[in-house]
Amino acid sequence: MERIKQRIGPTLYRQRVYFQLHRAANMFSVGTTLFHIENMPWLHNSFYHFLRFSGLIFLGKRNYLDVQVRRSVLASERLPEAFHGFRVLHLSDLHIDLDRDLALTDRLIAKLRGLEYDLCVLTGDYRASTIGEFETSVREMEKIRRHLKGPVLAVLGNHDFIEMAPALERMGYRFLLNENVPIEREGSTVYVAGVDDPHIYRTDNFEKACDGIPHDGFSLLLSHSPETYKVAAACGFDMMLCGHTHGGQVCLPGGVAIIHNSKSPHRMTAGLWSYHDMIGYTSRGTGACGIPVRFFCPPEIVLHELRREPSPLVRSRWRAHGP
Ligand SMILES: [Fe+2]
């Protein structure tokens, strides 16, 4: 843990452990939003009983396990030529120990078989609860790691304790605790940075995460929540991958989210978006939280293809100039 402490920064480490110890993640009005749906057991219980008595629980559970492979294109004129066609597999919000039967692990592994990609990234929330034991989620993440190819870069979410990082790193997950790593290809470099949880623990530190990235370097940010979008764009990130919202998880027909648990614009709840000249993608999540059900919002793993071309999402006034 001493090494982890130095990597995230001693002050931020102390801040995170303080909140973890004081069970702050389970309190109302902690974090960036006023209410946290996962901290309202009465609402969970009422919704659970409604689903049970209406029979909808079976449909919701079937949807929860129906993980989709979604494809997206992340385009930027600034992308180095060598990275045109580079594929990034994106998993997020697995909350892998949510359901007692742990059936999601095998479903996910089955979906991962045969997928081709150059890099895998995970944008946080491996555990279902925000407190208590994390051994079950770590054990399930080990099974999943055996089916992920190549390097896997990850950040922690607001459901994860920092103590999970050493065990997960021994399995081959590389956590970016306000850090960055260069990815080399045919003499060109793309920098992948990751910040610690910005939602509950607020231990994200961009100064540290950007340290060493050249001013004109092409950079991709991993952030658990989209709430960092303004700072990320201001720091010059070209692309940003995040999760946390679950796309709403229980939506109205058409995928309209009722709650997204994030202090970011509604358009950043799921899928592709842009902010100034930064392209972002918010994962709908691979798992679920609270109750293992989903409605009108299927869980996903995303295959992003990076392309060196103008993005239709970026208006010309921002293109190549920035804010
Ligand atoms: Fe989260």
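In each ligand, atom 1 is the first atom listed, and ligand 1 is the first ligand listed. Residues take their numbers from the sequence shown, with the count starting at 1. Treat the numbers as computed from the prediction; the structure is a model and nothing was measured.
- Hydrophobic clustering (side-chain heavy atoms under 4.5 Å, transitive across Ile, Leu, Val, Met, Phe, Trp, Tyr) groups Ile4 together with Met141.
- Coordination check, Asp93 versus the Fe ion (ligand 1): failed, since every N/O/S atom of the residue sits at 2.8 Å or beyond.
- Looking only at its N/O/S atoms, His244 has ND1 as the one nearest to the Fe ion (ligand 1).
- Put simply, His199 stays out of reach of the Fe ion (ligand 1), with no N, O or S atom under 2.8 Å from it.
- Taking a cutoff of 4.0 Å between a charged side-chain nitrogen and a carboxylate oxygen, Glu179 and Arg174 qualify as a salt bridge.
- Among the atoms of Asn158, an N, O or S atom falls under 2.8 Å from the Fe ion (ligand 1).
- Distance check for His224 against the Fe ion (ligand 1): an N/O/S atom falls below 2.8 Å.
- A donor and an acceptor atom, one from each side chain of Thr245 and Thr282, are nowhere located under 3.5 Å apart.
- Between the side chains of Thr203 and Gln15, no donor-acceptor pair of N or O atoms lies under 3.5 Å.
- As for Asp125, its N/O/S atom nearest the Fe ion (ligand 1) is the one called OD2.
- Checked against Val152 for a side chain to side chain contact (heavy atoms under 4.5 Å, CB included), the options Val121, Leu119, Leu122 give a single hit: Leu122.
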